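Notes to accompany the following structure.
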Amino acid sequence: MRVFKFGGASIKDAEGVRNLASVLQKTGIKDKVVVISAMGKITNAIEKVIEIYFEEDKIDLDYLKSYHIAILKDLFESSYHRIYPQVNQFFEELASFLRRNKSPNYDYVYDQVISFGELISTSIVSVYLEDHHIRNKWLDARNLIKTNQVYRDAKVNWDATCEKINNAIEQDKLYITQGFIASDAHNFTTTLGREGSDYTAAIFAYCLKAEDVTIWKDVDGVFNGDPRVFENTTLLNEVSYTEAIELAFYGASIIHPKTLQPLQKREIPLLVKSFYHPEKAGTLVSNGNKINPLIPCFIVKKNLVLISLSALDFSFFVEENISEVFALLHQYQVKVDLIQNSAISFSVVVDNRFNQVDELINHLKGKYRVSFNKNVSLYTIRHFTESAINQIEEDKEVLLKQLTRETVQLVTKE
């Protein structure tokens, strides 16, 4: 069994869906689980629906409907095709949930609503493939991947998940399912974290002891920096699991941070390839070479917050203080990207993805002297050289710098 994952960019329009079918025909139809994200930027659009719902008490699905209907009209000749009632049913279920919902819990509502992007995209792809003589079975990932009840960043119940996946999957067949979404013990929808579709592919691969996983991207593989951000990037032919985990941990966007560990446990190779050029080798992530070629790798995370703390009485910043700060970081669901401390100060660079950093800072001000900088960037260079550091520091104000044997990190204000 092989596992393929197609992201939103690969199916952003009708031509993308046709190309997905072409990739499957070129690589073989049988013995595959295909994990698919929401189309294009639909997840962002649904987040806007949720925002309007909470701020204005309105249900606005017009853009979502028109986007998908335009794709349907391009893919299917008849407006009476059976796919239209299926897609309409999803929109009716979504509107019904929002009308009936009484929960003020944003994260709970987020997970129940955001899942419709993947449910709709996979339904469209599945029916299109059937119409073009590619037999497949559509699976609801929420019935297979079981998690705890932490909405928006759920933890997988591996035993229950593997049992359900192995009971559902048979050899010699093609399956279409959703990335990113799962469910808890009470069958409420949960999600695996933003960009979690890669992780879904790894979950299926781990449970099925798959031959390999291929992540299909709009680039030729893993580069030593995001080509959209850094100039003159180079394709990496091979990356070891350990090195890929390091890159993912520091924020490399090409592979989801949680994807690699289950694959490493089973020694399942991961291929990152271009859906435009499926014949190209792409990048292989395995137990092989650490990194080939061995060159500096650049990562940047933007729109972070640098928080610096010191005691009000200028006493030492000791273990008790650090423990208290980390408890608050956990309480406010604030992810830490960098830590630096001295005898009298403690600094953290954090991601404000749940918009709770302001509350955290106000809480900290009750006990510590607090200074902070918003909208900072965190640059990480693996296998750095002096010229690589100089390249990043040019024309930037460096607020914090940290070096280890193979990694340098710089917090900058640009």
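Here the structure is a predicted model, which is why all the values come from computation and not from measurement.
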Near K30 NZ, under 6.0 Å, is it more than 12 heavy atoms from other residues, nucleotides or ligands? no
Which heavy atom in A154 sits nearest to a heavy atom in N148, and how many Å separate them? CA-OD1, 3.5 Å
I need the single residue from L236, I381, V222 that forms a side-chain contact (heavy atoms from CB on, under 4.5 Å) with C297. Which is it? L236
Do R18 and L75 come within less than 4.5 Å of each other through their side chains, counting heavy atoms only? yes
Within the structure provided, determine whether V33 and M1 are in side-chain contact (heavy-atom separation under 4.5 Å). yes
Minimum-distance pair of heavy atoms, taken over all atoms of V109 and S103: CG2-O, 3.8 Å
N362, CG: over 12 other non-hydrogen atoms inside 6.0 angstrom: yes
Let me know which of N157, T161, D184, N187 forms a side chain to side chain donor-acceptor pair (under 3.5 Å) with K146. N187
Which heavy atom in A201 sits nearest to a heavy atom in V3, and how many Å separate them? O-CG1, 3.6 Å
For the pair L61 and V49, evaluate side chain to side chain contact (heavy atoms under 4.5 Å, CB included) and give the outcome as yes or no after the intermediate values. CA-CA 7 Å; L61 305 180; V49 169; 3.8 Å; yes
Rounded to the nearest 0.5 angstrom, the OH-NE2 distance for Y63 and H68 is 9.0 Å
Let me see the working for D140 and Q178 under side chain to side chain contact (heavy atoms under 4.5 Å, CB included), right down to the final yes or no. CA-CA 7 Å; D140 189 334; Q178 307 79 34; 3.9 Å; yes
Does the side chain of R369 come within less than 4.5 Å of F314's, by heavy atoms? yes
Determine whether a donor-acceptor pair (N or O, by modelled atom type, separation under 3.5 Å) exists between the side chain of K273 and the backbone of P278. yes
Scanning both residues in full, the closest heavy-atom pair of L144 with A168 reads CD2-CB, 3.7 Å
Taking R82 first and then D131, would you say they form a salt bridge - that is, a charged N and a carboxylate O separated by under 4.0 Å? yes
Determine the minimum heavy-atom distance between F317 and A311, stating which atoms define it. CD1-N, 4.2 Å
Identify the heavy atoms of L192 and K258 that sit nearest to each other, and give their distance. O-NZ, 2.9 Å
Just so I know, are the side chains of L309 and K367 near enough to count as touching, which here means a heavy-atom distance under 4.5 Å? no
Within a radius of less than 6.0 Å around NZ of K155, do more than 12 heavy atoms belonging to other residues, nucleotides or ligands occur? yes
Is a side-chain N or O of T177 found less than 3.5 angstrom from the main chain of L139, in a donor-acceptor match? yes
Determine whether L360 and I307 make a side-chain contact, defined as any pair of heavy atoms from C-beta on separated by less than 4.5 Å. yes
Can you check whether F384 reaches L403 side chain to side chain, under 4.5 Å on heavy atoms? yes
Looking at F180, is its backbone amide N or carbonyl O close enough to the side chain of T200 to form a donor-acceptor pair, meaning the two atoms are under 3.5 Å apart? yes
Taking the side chain as every heavy atom from C-beta outward, state whether K12 and M39 have any atom pair closer than 4.5 Å. no
Could you tell me the separation between the CG atom of L20 and the CZ atom of F4, rounded to the nearest 0.5 Å? 9.5 Å
Heavy-atom donor-acceptor pair, N136 side chain to I134 backbone, under 3.5 Å: yes
Taking 4.0 angstrom as the limit, do R353 and D153 come out as a salt bridge? yes
Could you state the interatomic distance from CD1 (I120) to CG (L94), rounded to the nearest 0.5 Å? 7.0 Å
Using the six-membered ring wherever Trp is involved, compare the ring planes of F54 and Y106 and label them parallel, tilted or perpendicular (cut-offs 30° and 60°). tilted
Residues F97, E93; criterion side chain to side chain contact (heavy atoms under 4.5 Å, CB included); working and verdict: CA-CA 6 Å; F97 169 79; E93 290 176 12; over 6 Å; no
When you look at CD of E56, are more than 12 heavy atoms from neighbouring residues, nucleotides or ligands closer to it than 6.0 Å? yes
CD on Q409 to CD1 on I299, rounded to 0.5 Å: 8.5 Å
Checking the side chain of E118 only, and the main-chain atoms of A38 only, is there a donor and an acceptor separated by less than 3.5 Å? yes
dist Y332:OH -> F354:CZ (nearest 0.5 Å) comes out at 15.5 Å
Check this for me: E319, atom CD, are more than 12 non-hydrogen atoms of other residues, nucleotides or ligands nearer than 6.0 Å? no
For the pair N167 (side chain) and K164 (backbone), establish whether a donor and an acceptor sit closer than 3.5 Å, ignoring hydrogens and angles. no
Heavy-atom count check: over 12 atoms from other residues, nucleotides or ligands less than 6.0 Å from N390 CG? yes
With a cut-off of 6.0 Å (strictly less than), are more than 12 heavy atoms of other residues, nucleotides or ligands near CD1 of I344? no
Would you please test L306 and S347 for side chain to side chain contact (heavy atoms under 4.5 Å, CB included) and show each step? CA-CA 7 Å; L306 170 61; S347 296; 4.3 Å; yes
Measure the spacing between CG of L24 and NZ of K32 and express it to the nearest 0.5 Å. 6.5 Å
Can a donor-acceptor pair be found, under 3.5 Å and without considering hydrogens, that links the side chain of D111 to the backbone of T191? yes
Quick one: does T259's side chain have a donor or acceptor within less than 3.5 Å of a partner on Y199's backbone? yes
K396 to Y379 six-membered ring, cation-pi geometry met (6.0 Å, 45°): yes
Determine yes or no for a side-chain-to-main-chain donor-acceptor pair under 3.5 angstrom, with H81 supplying the side chain and I83 the backbone. yes
Test your reading of the model: is there a side-chain donor-acceptor pair from K102 to the backbone of R100, 3.5 Å cut-off? no
Under 4.0 Å between a Lys/Arg side-chain N and an Asp/Glu carboxylate O for R228 and D218? no
Taking ring pair (Phe, Tyr, Trp, His ring centres under 6.0 Å) as the cut-off, I'd like each qualifying pair that reaches into residues 130-172, sequence neighbours left out, listed once. Y108-Y151, Y128-H132, W158-Y206
Where do D358 and K374 land on the salt bridge (Lys or Arg N to Asp or Glu O under 4.0 Å) test, with the steps shown first? CA-CA 10 Å; D358 287 341; K374 293 187 175 181; 2.7 Å; yes
Note: E170-K137 ion pair, threshold 4.0 Å (strictly below): no
Test item: side-chain donor near acceptor, Y110 and E47, under 3.5 Å: yes
Minimum side-chain heavy-atom gap I145-F204 below 4.5 Å: yes
